Each structure stands twice: as C-alpha cells, then as structure tokens.
Amino acid sequence: MTYPNLAYAVIGAALTTASGTTCEELVTEDVLRPLNLTEITAIARHGSLTATELSVLPALMQVAACWRESMTRITPPRPFDVTSAFPELAGMSRTATRLHPRAGSPTVHESSVGGPLLWPAGEAWATCSREHYARRLNTPGEVRTLRRILTEAWRRQKPGDELLTQEERAVVERIHTGHAPRLLPTGPHPLIPVAQLYARDVPDMTCPQDTDLLQVLWCPFDDAIEGCSKAVQVHWRRAADVTDILIAMPEPAYIGNDDLIPTPCVVHPEQVSEYPSTDELEEALWRRIYRWEDETGLSYRGDLSGAPGWKVGGWAAPFTFREPDEEDERRCPTCQAPTAPLLTVPSDEWDGESGSWRPESDDEEADAPPYPSNRNPTQVTISRGYTLQIYGCTGDPRHLPVTVIQ
C-alpha cells in the first residue's frame with residue numbers, strides 16, 4: 001500500500017508524538033537496530049533482509065523524510081525590541097512571510113521554490129525572446145546531474161577519501177566545460193519556475209481579484225534577471241480554474257548560469273514582523289540608528305530590521321553594494337504606479353551578519369555534509385552573492401515586475 005506525502009507526514013507526527021522521540025530516533029531504534037543496520041544507506045547493500053522486512057522499510061523511510069519536510073521552522077525572538085529605542089519605527093512595521101525553503105519533492109498543488117507549476121495544458125508557456133550572452137552554456141539536465149553527483153559524494157565522504165570517483169570526476173569536468181555560446185538558439189526561450197505560492201500559505205499576499213495563486217518564472221541568464229522585461233514574469237491565476245494540467249513543463253535548451261536554476265524545494269511559511277532598512281528612513285533617523293549601533297554593539301540591519309532569506313512581502317532587502325537610485329527605478333514602467341516588494345530572492349537564507357534569524361530547528365551540526373547547506377537549500381546565487389528584489393506593481397499586479405539586484 002502506498003500513501004501520499006501528506007499521509008506519511010501525518011503518520012510520522014503521530015508516531016513521534018506518541019513515543020516522545022524524533023522520527024529519526026524512532027526509525028533507528030525500532031527499525032534499523034532490530035535489523036542490525038546502523039545507517040539508512042546500508043539498506044541497499046544489506047543482503048540478509050526478508051521480503052517482508054524489505055517491503056516495510058521504504059514506507060518507514062518515506063515517513064522519516066516527509067516528517068522532516070513537514071517540520072515547522074520558527075525564527076528566534078529578536079535580541080532587542082528596537083521600537084523601545086526608536087518609537088517612531090512602531091508605525092512602520094510590516095508583516096513578511098519567510099518561506100524557509102528546503103529540498104523536497106513538491107507537487108503542482110503545493111507552494112514551492114523551483115517546483116512544478118499548476119499550469120493549464122491549453123495555455124502557452126512563458127517565454128523570453130531577448131538575445132542573451134553567456135561565456136558557456138549548460139543544459140538543465142546537466143545542472144541536475146552535477147548537483148546529484150555532488151550531493152551523493154558529500155553524503156558518503158569520509159576523512160581521507162577522495163570526494164569523487166574517477167567516473168564522477170570525468171562527468172563533473174565535462175559539465176564544467178559546458179557548451180559553446182554559439183549553440184544558443186535565437187529564441188524564444190522557455191522560462192523556468194522560480195516560485196509558486198498559494199494564497200492559503202501566504203495570508204498577507206495581495207492577490208488580484210479572483211486569484212489565489214502566484215507563479216514567478218525567469219530566464220536563467222545573468223543579463224536577463226534585472227530590470228523589467230519578459231525575462232522575469234509573474235502569473236496570477238485561480239487554482240480551481242486549472243482542471244486540465246500541463247504534465248511536462250518546457251525547458252530551455254541551454255541556460256547561461258546554473259546558479260539561477262532553483263533546486264525544487266518545499267516551503268515552510270512563517271510570518272514575521274519587519275522594519276525598514278536604513279535606505280528607507282529619513283536621514284536624521286538613520287544617523288541616530290548608526291550612533292546607537294556604535295554605542296550598543298547591536299546590528300539594526302543584521303538583527304532588527306528585515307528578515308533575510310526567501311520571503312514574500314514585508315520590506316525590501318537593503319542595498320548593499322550601491323546606493324538606491326531615484327524612486328523611478330522602482331516604479332512600474334507600464335503605468336508609472338509605485339511598486340511594492342513582492343518576492344525576495346537571496347543568495348543565502350542567512351549570513352554572518354544575520355545569523356540570529358536562523359530557524360531554531362536549523363542548528364548546524366558539525367558532521368552535516370556541507371553540500372547542499374541549509375544556508376542555501378535552493379542553490380540559487382544572485383550575481384556575486386547579492387539579493388534580487390522583485391517588486392510588484394501596486395496599480396495592477398499583473399504588470400511585468402521590476403527587479404533590482406540589491
């Protein structure tokens with residue numbers, strides 16, 4: 001008998017609640033140890049299990065995996081109530097929804113990062129017709145192969161061992177060599193899914209009338225993702241209207257940067273309160289904040305204003321490598337209406353400055369494989385490690401978004 005992932009997660013929750021242990025401890029004590037197994041990977045090479053034992057193990061492993069995916073992630077309390085020092089910030093608070101993406105197997109009926117989209121079979125797929133420049137090309141399949149090889153290699157890595165086998169090294173080197181830019185077709189190029197978000201998971205997401213689903217797609221080339229063009233698109237729809245679902249999503253023949261291919265991730269939405277970055281404040285206030293930081297040793301940008309990581313709404317990410325341009329940079333080119341932060345796409349879920357935002361359930365273990373890490377489960381990197389802020393039009397959310405690397 002097989003069950004959907006949700007059922008496995010519910011089973012895992014029930015078992016752990018009843019036993020008072022974690023799912024991993026439960027599987028280890030009641031499944032692996034009685035079978036003289038010490039690690040899950042040993043199942044594949046253990047030749048003495050009965051047919052009954054082998055038939056039970058996959059379901060139990062699925063319970064453990066789905067229970068891990070369904071875990072709630074909670075942001076620790078802020079180290080200081082910043083409104084007690086700056087009461088004027090209290091009126092500037094906004095709610096953002098942190099997505100907490102983690103590698104998984106989302107379906108079209110779930111919110112996700114880099115997962116499959118609930119797309120009507122009879123609707124043309126989103127494309128980009130711009131000319132693109134890239135030093136080398138890869139196929140989406142090669143990116144998936146590279147990540148699979150590296151993930152498996154780091155999981156089995158032991159001190160003193162070579163990370164890659166000879167065969168794996170040959171494949172990795174071939175992928176890193178890539179293909180000549182002249183092979184890139186003239187277009188149009190199918191876009192790839194960046195995020196799919198159901199309104200039920202993001203309560204504060206402002207949806208156009210009669211819609212409850214946001215889909216974000218982009219063209220995976222460095223010269224395409226910033227600005228305002230059909231290289232980055234938002235699609236709003238009502239999920240119940242999609243009855244004939246597209247099964248096989250189109251893919252571009254080549255991509256220009258594998259850092260712009262999100263690893264499919266399930267999300268664990270959590271609402272948090274945010275305050276504006278100093279970019280958004282009057283000069284007198286941000287100067288007071290800087291002096292206060294020097295006196296207290298606390299970091300307004302790192303710990304007290306906006307949450308890092310993938311998020312919806314809230315305040316925009318701070319500008320890190322340049323000053324913000326005039327406000328026109330963030331106005332909708334279609335109608336000149338102001339824009340508002342829609343989706344924040346980071347290069348990390350947290351960094352050295354914003355480590356206090358790391359979810360309590362994501363304490364890094366000394367023996368955890370470094371690849372892929374909880375700091376960047378989507379394996380997306382923007383430019384040299386910055387953040388892409390996607391702004392939506394406040395006049396008509398269906399207009400093309402404005403994107404700024406900040």
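This is a predicted model, so every value here is computed, not measured. What you see below is based on every heavy atom in this structure, not just the backbone, and it leaves out hydrogens, waters and symmetry mates.
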Query - CG-CD1 distance between Asp259 and Ile382, expressed to the nearest 0.5 angstrom - result: 8.5 Å

Query - Asp279 side-chain N/O to Pro318 backbone N/O, donor-acceptor pair under 3.5 Å - result: no

Query raised in the report: Gln389 side chain to Val404 main-chain N or O, any donor-acceptor pair under 3.5 Å?
Result: no

Query raised in the report: Does the side chain of Gln271 pick up a donor-acceptor pair with the side chain of Thr95 at under 3.5 Å?
Result: no

Report summary line: For Ser229 and Ala224, the nearest pair of non-hydrogen atoms, with its separation, is OG-O, 4.3 Å

Requested in this report: Locate the shortest heavy-atom distance separating Leu214 from Met205; write the atom from each residue and the value.
Outcome: CD2-SD, 3.8 Å

**Report entry** Closest approach of Leu118 to Val108 (non-hydrogen atoms, all atoms of both residues)
**Finding:** CB-O, 3.6 Å

Query - Point-to-point distance, once rounded to the nearest 0.5 Å, from CG of Leu99 to SG of Cys265 - result: 10.5 Å

Query raised in the report: side chain to side chain contact (heavy atoms under 4.5 Å, CB included) with Trp315: which of Pro276, Ser305, Ser277, Pro341?
Result: Pro276

Query - Pro77 vs Glu360 side-chain heavy atoms within contact, under 4.5 Å - result: yes

Requested in this report: Go through the structure and list residues passing salt bridge (charged side-chain N to carboxylate O under 4.0 Å, His left out) with Glu283, not counting sequence neighbours.
Outcome: Arg287

Query raised in the report: For the residue pair Gly115 and Met249, what are the closest heavy atoms and their distance?
Result: O-CE, 4.4 Å

**Report entry** Backbone of Pro308 reached by a side-chain donor or acceptor of Trp350 within 3.5 Å
**Finding:** no

Query raised in the report: Under the side-chain contact (heavy atoms from CB on, under 4.5 Å) criterion, do Trp310 and Val267 qualify, and how do the steps go?
Result: CA-CA 10 Å; Trp310 287 74; Val267 297; over 6 Å; no

Query raised in the report: In Å, rounded to the nearest 0.5 Å, how long is the span from NZ of Lys230 to SG of Cys219?
Result: 13.5 Å

Requested in this report: Flag yes if more than 12 heavy atoms outside Glu282 fall under 6.0 Å of its CD atom; otherwise flag no.
Outcome: no

Query - Donor-acceptor under 3.5 Å (Glu173 side chain, Ala170 main chain) - result: no

Query - Distance, nearest 0.5 Å, that separates OG1 of Thr139 from CG of Leu183 - result: 11.5 Å

Query raised in the report: Below 4.0 angstrom, N of the basic side chain to O of the carboxylate: do Glu349 and Arg358 qualify?
Result: no

Report task. Answer yes or no: is there a donor N or O on one side and an acceptor on the other, between the side chain of Thr403 and the main chain of Gly227, under 3.5 Å? Result -> yes

Report summary line: Trp357 and Arg98 have their tightest heavy-atom pair at O-NH1, 2.8 Å

Query raised in the report: Under a 4.5 Å cut-off applied to non-hydrogen side-chain atoms, are Ile390 and Thr344 in contact?
Result: no

Report task. Quick one: pull up CG in Leu184 and CD in Glu131 and give me the separation to the nearest 0.5 Å. Result -> 9.5 Å

Query raised in the report: With respect to Gln215, which candidate in His235, Gln233, Arg237 satisfies the side chain to side chain donor-acceptor pair (under 3.5 Å) definition?
Result: Arg237

Query raised in the report: Do Thr107 side-chain atoms and His109 backbone N/O form a donor-acceptor pair below 3.5 Å?
Result: yes

**Report entry** Distance-minimising heavy-atom pair for Val272 and Ala307
**Finding:** CG2-CB, 4.1 Å

Query raised in the report: With distance as the sole test, does Thr296 use its side chain to make a donor-acceptor pair with the main-chain N or O of Leu298 at under 3.5 Å?
Result: yes

Query raised in the report: Mind checking whether His189 and Arg130 have side chains closer than 4.5 Å, heavy atoms only?
Result: no

Query raised in the report: Is any side-chain heavy atom of Val143 less than 4.5 Å from a side-chain heavy atom of Ile255?
Result: yes

Query raised in the report: So does Glu280 pair up with Arg330, basic N to acidic O under 4.0 Å?
Result: yes

Query raised in the report: Can you check whether Cys335 reaches Cys393 side chain to side chain, under 4.5 Å on heavy atoms?
Result: yes

Report task. Walk me through it: do Tyr290 and Thr278 pass the test side-chain hydrogen bond (donor to acceptor under 3.5 Å, both in side chains)? Result -> CA-CA 9 Å; Tyr290 286 167; Thr278 53; 3.2 Å; yes

Query raised in the report: Are any of the side-chain heavy atoms of Leu164 and Ile149 separated by less than 4.5 Å?
Result: yes

Report task. For Arg169, check salt bridge (charged side-chain N to carboxylate O under 4.0 Å, His left out) against everything at least two apart and list the hits. Result -> Glu162

Enumerate donor-acceptor pairs with a distance under 3.5 Å from any side-chain N or O in residues 81-89 to protein atoms, sequence neighbours excluded.
residue, atom, partner, partner atom, Å
Asp81, OD1, Thr83, N, 3.2
Asp81, OD1, Thr83, OG1, 2.6
Asp81, OD2, Thr83, OG1, 3.3
Ser84, OG, Asp81, O, 2.6
Glu88, OE2, Arg288, NH1, 2.5

Query - Candidate pair Glu270 and Thr75, rule side-chain hydrogen bond (donor to acceptor under 3.5 Å, both in side chains), full reasoning - result: CA-CA 8 Å; Glu270 178 201 17; Thr75 298; 2.7 Å; yes

Query - No-hydrogen, no-angle side-chain donor-acceptor test under 3.5 Å, Arg136 and Thr177 - result: no

Query raised in the report: Can you tell me if Arg78 uses its side chain to pair, donor with acceptor, with the backbone of Asp303 under 3.5 Å?
Result: yes

Report task. Go through the steps for Arg291 and Asp294 under the test salt bridge (Lys or Arg N to Asp or Glu O under 4.0 Å), then give the verdict. Result -> CA-CA 5 Å; Arg291 289 195 298 269; Asp294 290 339; over 6 Å; no

Requested in this report: Just jot down the salt bridge (charged side-chain N to carboxylate O under 4.0 Å, His left out) partners of Glu274, sequence neighbours excluded, or say none.
Outcome: Lys311

**Report entry** Contacts of type salt bridge (charged side-chain N to carboxylate O under 4.0 Å, His left out), residue Arg94, not counting sequence neighbours
**Finding:** none

**Report entry** salt_bridge(Asp161, Lys158) N-O dist < 4.0 Å
**Finding:** no

Query raised in the report: Does anything in residues 219-228 pair up under side-chain hydrogen bond (donor to acceptor under 3.5 Å, both in side chains), and if so which pairs, sequence neighbours excluded?
Result: His132-Asp223, Asp222-Asn257

Report task. Could you tell me whether Glu152 and Arg148 make a salt bridge, using a distance below 4.0 angstrom between a side-chain N and a carboxylate O? Result -> yes

Requested in this report: Can you measure from CG (Asn138) to NE2 (His176) and round to the nearest 0.5 angstrom?
Outcome: 8.0 Å

Query raised in the report: Do Thr339 and Arg331 have side-chain atoms, one donor and one acceptor, less than 3.5 Å apart?
Result: no

**Report entry** pair Asp210-Trp236: side-chain heavy atoms closer than 4.5 Å
**Finding:** no

**Report entry** Residue pair Trp218 / Leu260, side-chain heavy-atom distance below 4.5 Å
**Finding:** yes

Query raised in the report: Can any side-chain N or O of Glu353 pair as donor or acceptor with the backbone N or O of Arg301 at less than 3.5 Å?
Result: no

Query raised in the report: Looking just at side-chain N and O atoms, do Gln379 and Tyr371 make a donor-acceptor pair shorter than 3.5 Å?
Result: yes

Query raised in the report: Do other residues, nucleotides or ligands put more than 12 heavy atoms under 6.0 Å from the CZ atom of Arg156?
Result: yes

Report task. Run the salt-bridge test on Arg200 and Glu110 with the 4.0 Å N-O cut-off and return the result as yes or no. Result -> no

